[in-house]
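Only heavy atoms go into these numbers, but all of them, side chains included; no hydrogens, no water, no symmetry mates.
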Amino acid sequence: MSEAAYAKAIVYNWDDATERFEGALKAAISKSTQKERAKAKLQPRIQVQW
(Lines give C-alpha, C1' and ligand atoms only; values in the text may rest on other atoms or scores of the structure.)
Protein backbone atom coordinates (compact mmCIF):
# COMPACT_ATOMS: atom_id res chain seq x y z
CA MET A 1 0.00 0.00 0.00
CA SER A 2 1.35 3.40 -0.91
CA GLU A 3 1.93 6.03 1.73
CA ALA A 4 -0.81 8.17 0.20
CA ALA A 5 -3.32 5.29 0.37
CA TYR A 6 -2.31 4.49 3.94
CA ALA A 7 -2.64 8.12 4.99
CA LYS A 8 -6.12 8.25 3.47
CA ALA A 9 -7.17 4.95 5.06
CA ILE A 10 -6.17 5.85 8.61
CA VAL A 11 -8.23 9.05 8.52
CA TYR A 12 -11.52 7.13 8.48
CA ASN A 13 -12.99 4.94 11.21
CA TRP A 14 -16.11 2.79 11.58
CA ASP A 15 -18.23 5.77 12.62
CA ASP A 16 -17.22 7.65 9.47
CA ALA A 17 -17.96 4.60 7.34
CA THR A 18 -21.35 4.14 9.00
CA GLU A 19 -22.29 7.78 8.45
CA ARG A 20 -21.29 7.61 4.79
CA PHE A 21 -23.18 4.35 4.30
CA GLU A 22 -26.32 5.70 5.98
CA GLY A 23 -26.10 8.85 3.88
CA ALA A 24 -25.87 6.79 0.71
CA LEU A 25 -28.88 4.71 1.76
CA LYS A 26 -30.93 7.82 2.52
CA ALA A 27 -30.01 9.31 -0.85
CA ALA A 28 -30.98 6.10 -2.65
CA ILE A 29 -34.30 5.92 -0.81
CA SER A 30 -35.03 9.56 -1.56
CA LYS A 31 -34.22 9.10 -5.23
CA SER A 32 -36.36 5.97 -5.43
CA THR A 33 -39.27 7.70 -3.69
CA GLN A 34 -39.07 10.64 -6.09
CA LYS A 35 -39.17 8.27 -9.08
CA GLU A 36 -42.19 6.44 -7.66
CA ARG A 37 -44.02 9.72 -7.09
CA ALA A 38 -43.26 10.86 -10.63
CA LYS A 39 -44.43 7.53 -12.01
CA ALA A 40 -47.65 7.72 -10.00
CA LYS A 41 -48.40 11.16 -11.43
CA LEU A 42 -48.08 9.82 -14.97
CA GLN A 43 -50.38 6.84 -14.46
CA PRO A 44 -54.04 7.46 -15.09
CA ARG A 45 -56.30 6.95 -12.14
CA ILE A 46 -59.13 4.57 -12.83
CA GLN A 47 -62.37 5.17 -11.02
CA VAL A 48 -64.81 2.32 -10.89
CA GLN A 49 -68.45 3.30 -10.84
CA TRP A 50 -71.03 0.72 -9.90
Side-chain angles (χ1 to χ4, degrees):
M1 178 183 291
S2 71
E3 287 184 29
Y6 179 74
K8 185 78 168 181
I10 63 170
V11 172
Y12 296 105
N13 60 29
W14 282 107
D15 291 331
D16 295 328
T18 302
E19 287 179 20
R20 287 175 158 244
F21 181 67
E22 288 176 349
L25 286 177
K26 288 177 183 178
I29 291 168
S30 176
K31 187 175 181 180
S32 176
T33 303
Q34 289 172 0
K35 285 183 179 179
E36 289 300 317
R37 287 183 185 159
K39 188 191 303 183
K41 287 181 182 179
L42 296 176
Q43 294 176 350
R45 293 195 172 123
I46 300 172
Q47 295 180 350
V48 177
Q49 295 179 350
W50 298 94

Checking the side chain of Ser30 only, and the main-chain atoms of Lys26 only, is there a donor and an acceptor separated by less than 3.5 Å? no
message = Treating Ser32 as the side-chain partner and Ala28 as the backbone partner, does any N or O pair qualify as donor plus acceptor under 3.5 Å?
response = no
Applying side chain to side chain contact (heavy atoms under 4.5 Å, CB included) to Asp15 and not counting sequence neighbours gives Asn13
What one should report as the nearest heavy-atom pair of Asp16 and Val11 is OD2-O, 3.7 Å
